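Data block below; observations after.
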Amino acid sequence: MSVDIRVLAKLVASKVGEEPVDLDKILESIGVEMSWIDKITLVQNMEDIEAVYHAVSGKILIRRINH
């Protein structure tokens with residue numbers, strides 16, 4: 001499956017609220033598997049989204065930021 005990363009970023013961002021959520025759970029819910037590098041690129045393409053690497057769980061947590 002070849003999807004434009006910008007389109008995927010908008011889709012994932014639309015599913016994110018103000019509470020931190022596991023990026024992998026969102027990707028899994030829409031049937032997408034990505035490498036670690038691709039996940040970083042994805043997060044970089046999301047507007048108004050903050051990402052934090054949670055070292056204890058090894059997960060990327062994302063949330064919408066308010067302006």
Side-chain angles (χ1 to χ4, degrees):
M1 175 174 104
S2 178
V3 176
D4 186 319
I5 197 83
R6 295 165 298 186
V7 172
L8 185 57
K10 286 183 187 255
L11 176 61
V12 171
S14 74
K15 298 181 174 291
V16 177
E18 292 181 23
E19 291 298 315
V21 64
D22 178 5
L23 176 60
D24 286 330
K25 287 191 186 223
I26 293 175
L27 292 173
E28 184 179 303
S29 76
I30 58 175
V32 175
E33 288 187 30
M34 302 181 91
S35 70
W36 185 255
I37 297 295
D38 288 339
K39 289 176 192 175
I40 292 170
T41 303
L42 177 67
V43 169
Q44 290 173 335
N45 278 278
M46 287 189 231
E47 292 183 21
D48 300 325
I49 298 293
E50 173 182 70
V52 175
Y53 175 68
H54 189 259
V56 174
S57 66
K59 300 191 180 292
I60 299 173
L61 303 177
I62 58 176
R63 72 179 185 98
R64 185 163 307 282
I65 53 175
N66 291 327
H67 288 270

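These figures come from a predicted structure and were not determined experimentally.
Salt-bridge annotation for Arg63 and Glu50: present, with a side-chain N of the basic residue lying under 4.0 Å from a carboxylate O of the acidic one.
Residue Asn45 holds its CG atom at 9.5 Å from CG of Leu8, rounded to the nearest 0.5 Å. To the nearest 0.5 Å, atoms CG (Leu61) and NZ (Lys25) are separated by 10.5 Å. Distance check: Leu42 CG to Leu23 CG gives 6.0 Å after rounding to the nearest 0.5 Å. Here the CD1 atom belonging to Ile60 is positioned 7.0 Å from the CG atom belonging to Asp24, to the nearest 0.5 angstrom. Interatomic distance, CD of Glu47 versus CD1 of Ile65, reported as 10.5 Å (0.5 Å rounding). To the nearest 0.5 Å, atom OG of residue Ser14 and atom CZ of residue Arg64 are 8.0 Å apart.
Linking ILVMFWY side-chain heavy atoms closer than 4.5 Å, directly or via other members, places Met34 and Val52 in two distinct hydrophobic clusters. Hydrophobic clustering places Val21 together with Trp36 (ILVMFWY residues linked when any side-chain heavy atoms are closer than 4.5 Å, directly or through intermediates).
Looking only at side-chain heavy atoms (C-beta outward), Lys39 and Leu27 come within less than 4.5 Å of each other. With contacts defined as side-chain heavy-atom distances shorter than 4.5 Å, the pair Ile49/Val12 does not qualify. Leu11 has its side chain out of reach of Val32: every pair of non-hydrogen atoms, C-beta onward, lies at least 4.5 Å apart.
With sequence neighbours excluded, the residues that form a side chain to side chain donor-acceptor pair (under 3.5 Å) with Ser35 are Asp38.
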